[in-house]
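Please read the structure below before turning to the comments.
Quick note on labels: first sequence line is chain A, next is B, and so on, each numbered from 1. This is a predicted model, so every value here is computed, not measured.
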Protein chains: 2
Amino acid sequence: MSVTTDRIVQPLIRRLTSTANPSDEVIRALADLPFTVKSFEPGQDIVRDGERPEHCAAVIEGWLCRFKLLPDGGRQIIAFHIAGDMPDLQSLHLGVLDHSISAVTPCTVALIPHEALRQRTARLPDLAALLWRETMIDAALFRGWVTAMGRRSAYGRTAHLFCELHMRQRAVGLAEPRHSPMPLRQTDLADAMGLTSVHITRTLGALRKSGLITLQGRTLTIHDWDGLCQAAEFDPSYLHLGKANG
Amino acid sequence: MSVTTDRIVQPLIRRLTSTANPSDEVIRALADLPFTVKSFEPGQDIVRDGERPEHCAAVIEGWLCRFKLLPDGGRQIIAFHIAGDMPDLQSLHLGVLDHSISAVTPCTVALIPHEALRQRTARLPDLAALLWRETMIDAALFRGWVTAMGRRSAYGRTAHLFCELHMRQRAVGLAEPRHSPMPLRQTDLADAMGLTSVHITRTLGALRKSGLITLQGRTLTIHDWDGLCQAAEFDPSYLHLGKANG
DNA sequence: CGATTGGTTGATCGTTATCAACATCGGTGG
DNA sequence: CCACCGATGTTGATAACGATCAACCAATCG
């Protein structure tokens, strides 16, 4: 594994080893995957709803979001993705994308040909299982979002999002205990939570006034993690970060 | 494949062949899977949040729902499942369940040991890919729900649910063009849509008054499919029912 | 320096929740 | 057969939460 390749594949491997225990053989197969590197500017689309990509993206650096556009121009953000994530793994077996993915911050992704992934996963069942598991975690996060949207107030829902994003970044070494990058505009937060940006302003104000968090300069500061979790009714088990097949 | 086995495995195979084109070898492997059959009464749990099942369920008959319970006793239904679905396929690689599954109607499920699934998917990469694809469709449905919850009114959201459930039943031959089974209480609908049952009453009334649907006697009658789709802004592509790798 | 983007605040409106009473239906036992 | 019961669904009155509209402020960037 060359130095360059190393720098590129490292986030993916760090991510996968953070939630599972892949064998050396599987890690070698991952490291050997062919890819091309591409960079994107904020707001730029990586892939669009309706397309049939021939490769999967693995995030090397920066933030991406997945979203659906509605006829009236509305946008629902469905997920945020950070280094190590594979946001369009589903294109490997679904073909047509049912949503779009675009860059939230300047970002770099590795594009891995479907062909290569298909060959390797056919030869190495453990690799297939590892990536399949990623799809399952992806689905688990969506379940968490459905629950948050359906049954939590703006306040609890927003707290919940911060808990999730903080823990996911912690798990791959991208955040400190009480701080994490949070490069989201209020419109991004609004589109993710099914709220308006005006209401996000008020909600962030309320969270600040409660002494739980402050959000400034693209970073989240957590003043009271326990309080935040309580406000969010946050139970991290749905993130499936435990290695023991959790 | 014996007559008994046939009757049991048939729904699963019908479902899988409705969205993909598995090879004969894969179908044979599915038909050969060991299982035990179990029946449940409405309201009974099939598996519970926090458990680590050793088998996956495949629905043979009846309706199931998946849901998360909140500390305050609230319930968010995350998905409904009909014959042919595998509602807890994710337990194969995730271990701990992050939600519960219970019976909506009297229902029968086949319980397939993880061990058998692991062996077969390791030996038959195409089988693994087929089931992996099911996980991806599962995730796609959740994305549809997130979008519905976040950006649609009670009216549009409810219309959307009926569109989804009707099409999914049609795809596996469980519904007629303008009628489908809909054995849900208003509290089930409410818990699925993030609304109260009182508001569901009013919303159903509005849908009826618009001449789109009526819901009585556990069946949905669609008076105006195009109108319903329009009210729901329904785009069926997220169901990935197309066989051509759609 | 002005222009543009992102964030804040206040006033008002609409959708959905909440509370409460009542209606309907299917089943059960007298 | 009828009276009753529990579960489910309906309706109305009121309240809360979040949307909408509009003005304004702050930061960044040419």
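Between the CG atom of A:Leu212 and the OG1 atom of A:Thr221 there is a distance of 12.5 Å, given to the nearest 0.5 Å.
Taking a 4.0 Å limit (strictly below) on heavy-atom distances, residues 186-197 of chain A reaches DNA chain D at A:Gly194, A:Leu195, A:Thr196.
Not a single donor-acceptor pair under 3.5 Å links the side chain of A:Arg66 to the backbone N or O of A:Ser102. With A:Arg151 contributing its side chain and B:Gln76 its backbone, the two residues share no donor-acceptor pair below 3.5 Å.
B:Asp191 has no carboxylate O lying under 4.0 Å from a charged side-chain N of B:Arg185, or vice versa, which leaves the two without a salt bridge. Between A:Arg15 and A:Asp85 there is a salt bridge, with a side-chain nitrogen of the basic residue lying less than 4.0 Å from a carboxylate oxygen of the acidic one. Between A:Arg152 and B:Asp72, none of the side-chain N atoms (NZ, or NE/NH1/NH2) sits under 4.0 Å from a carboxylate O, so this pair counts as no salt bridge.
With sequence neighbours left out, the side chain to side chain donor-acceptor pair (under 3.5 Å) criterion links B:Asp224 to no other residue.
Looking at heavy-atom distances under 4.0 Å, B:Arg218 makes contact with sugar-phosphate atoms alone, never a base.
Where A:Arg208 and A:Arg151 meet DNA chain C, the nucleotide closest to each residue was compared, and A:Arg208 sits on the side nearer the 5' end.
The six-membered or imidazole ring of B:Phe234 lies away from that of B:His166, with a centre-to-centre distance of 6.0 Å or more.
Taking 4.5 Å as the limit, every side-chain heavy atom of B:Leu165 sits out of range of all side-chain heavy atoms of B:Leu220.
For DNA chain D, the outermost nucleotides in 5' to 3' order that have an atom under 4.0 Å from a heavy atom of chain B are D:dT8 to D:dA13.
In this structure, B:Arg152 places its CZ atom 17 Å from P of C:dT15, rounding to the nearest Å. Rounded to an integer number of Å, the gap from CG of B:Asp72 to P of C:dA17 is 14 Å. Rounded to whole angstrom, the span from the CG atom of A:Leu204 across to the P atom of C:dG6 amounts to 16 Å. Spacing between atom NE2 of A:His199 and atom P of C:dG7 amounts to 16 Å, rounded to whole angstrom units. Whole-Å rounding puts the A:Arg202 CZ to C:dG10 P distance at 8 Å. Atom CD of B:Gln216 and atom C1' of C:dT24 are 13 Å apart (whole Å).
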